[in-house]
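Please read the structure below before turning to the comments.
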Amino acid sequence: MIVNIEKYPIDTKKDASGYEKLLQSSISQLTVQGFVALPDFLRPCAIDKLTSCILDLERRGVGFYSCDSHNVFLEEEGDSASFQSPTNHPRNVLLNSSKLIIDARHLAPHFVELTDLYESREFINFVGSILGTELHPSADPHGRYYANVFRPGDGLQWHLDRSEYSVSLILRPAHVGGKFQFVPNSRRVVEGWDDMPSDVIHAFAHEASMVVEEPDLVAGDMYIFRGRDSLHRVSEIAEGTRINLILTYNADPGVRLNRYTLRKFFGVADPTP
Ligand SMILES: O=C(O)CCC(=O)C(=O)O
Ligand SMILES: [Fe+2]
């Protein structure tokens, strides 16, 4: 088991009162901050094993280095009514991101325990109970879960995820930069923009009661948030390497990523039907 089960009794049958306490504190964190951070969720030996295995895959050239530009919605530029919209409309403004993604197909053979966690009823029920929804694993063979490796100069610009819910497991934070920044429940505001602000943080400073959160996350931490409803990014890495795992879930079964996301971030030009 890669989970620090003594601190996080996610199996309700084994420790009902510990589970209930954990659930209630996580739910109140989500209500107050719009996300949940669970420190030391992974066992130290799991952090070491997962990290060295991902770095080894990177050395062997496994994974896709995505450095294509994208818009905040992760949808085709101009594939809808807003095609007629001004060039500065968020749908038309391209942002530059870069990172290495090692997707679920490449990770699975090396990470049986990760697949087990991703699919485990206890884990899905725990995360779903915090988020107040039934959760289903993604049906996307590439994006159900994946590792991100950010090197200096890399970063992931502002976007709204295609998957509804994301769970991130931090394996190694950057030394400088590489901060996870997000604005809880900001989708509606972003959808209302006619012009993409050049400085998103500054733009939100003028929105009543909207805060750009920047949690301080360290190796072993797990965080949960609504990636489709909360604009978020990873700021540029200045020093060190940032490595994390993202596990994605949806309220409906059978959900897959759109072609845009698969092409730009996973290097998949022609997804299998
Ligand atoms: O690496 C992170 O913390 C966030 C990554 C992310 O937003 C994504 O992969 O969609
Ligand atoms: Fe994201």
Residue of the set Y165, Y249, F126 for which side chain to side chain contact (heavy atoms under 4.5 Å, CB included) holds with L131 = Y165
query = Is the shortest side-chain N to carboxylate O distance from K179 to E236 below 4.0 Å?
reply = no
request  = If the plane angle is over 60° it's perpendicular, under 30° parallel, otherwise tilted; pick one for H70 and H159.
outcome  = perpendicular
key: Modelled atom types, side-chain donor and acceptor of N244 and N148, under 3.5 Å   = yes
Charged N-O contact under 4.0 Å between E76 and K264 = no
ask   = Does the side chain to side chain donor-acceptor pair (under 3.5 Å) test come out yes or no for Y8 and D40, once each step is laid out?
value = CA-CA 9 Å; Y8 293 101; D40 308 316; over 6 Å; no
ask   = Would you find a donor on one side and an acceptor on the other, under 3.5 Å apart, between the side chain of H89 and the backbone of T87?
value = no
task = Please say which of L22, L23, L30 ends up in a side chain to side chain contact (heavy atoms under 4.5 Å, CB included) with S26.
result = L22
ask   = Is there a donor-acceptor contact under 3.5 Å from the side chain of D161 to the main chain of S163?
value = no
request  = Output yes when a side-chain donor or acceptor of S138 lies under 3.5 Å from a complementary backbone atom of D140, and no otherwise.
outcome  = yes
ask   = Under 4.5 Å between any side-chain heavy atoms of L160 and L74, yes or no?
value = no
task = Go through the steps for K49 and E113 under the test salt bridge (charged side-chain N to carboxylate O under 4.0 Å, His left out), then give the verdict.
result = CA-CA 11 Å; K49 188 178 162 211; E113 285 170 306; 3.6 Å; yes
key: Backbone of A251 reached by a side-chain donor or acceptor of E164 within 3.5 Å   = yes
query = Is there a donor-acceptor pair under 3.5 Å between the side chain of N71 and the backbone N or O of E75?
reply = yes
query = Are F150 and L171 linked, directly or through other ILVMFWY residues, by side chains that come within less than 4.5 angstrom of each other?
reply = no
inquiry  = Could you check whether R59 pairs with D56 (Lys NZ or Arg NE/NH1/NH2 to Asp/Glu carboxylate O, under 4.0 Å)?
reply    = yes
task = May I ask you to check whether F204 and W193 place their ring centers less than 6.0 Å from one another?
result = yes
query = According to a 4.5 Å side-chain heavy-atom criterion applied to Ile, Leu, Val, Met, Phe, Trp and Tyr, with indirect links allowed, do I201 and I237 form part of one hydrophobic cluster?
reply = no
ask   = With a 4.0 Å cut-off, would you call E58 and R151 a salt bridge?
value = yes
task = Would you check if the distance from the ring center of Y118 to the ring center of Y145 is below 6.0 Å?
result = yes
ask   = Do H106 and H110 have ring centroids that are under 6.0 Å from one another?
value = no
query = Any sub-3.5 Å donor-acceptor pair from R233's side-chain atoms to F180's backbone N or O?
reply = no
query = On the ring face of F73, is R91 found with NZ or CZ under 6.0 Å from the centre and within 45° of the axis?
reply = yes
Aromatic ring pairing Y223/F225, orientation class (parallel under 30°, perpendicular over 60°, tilted between) = tilted
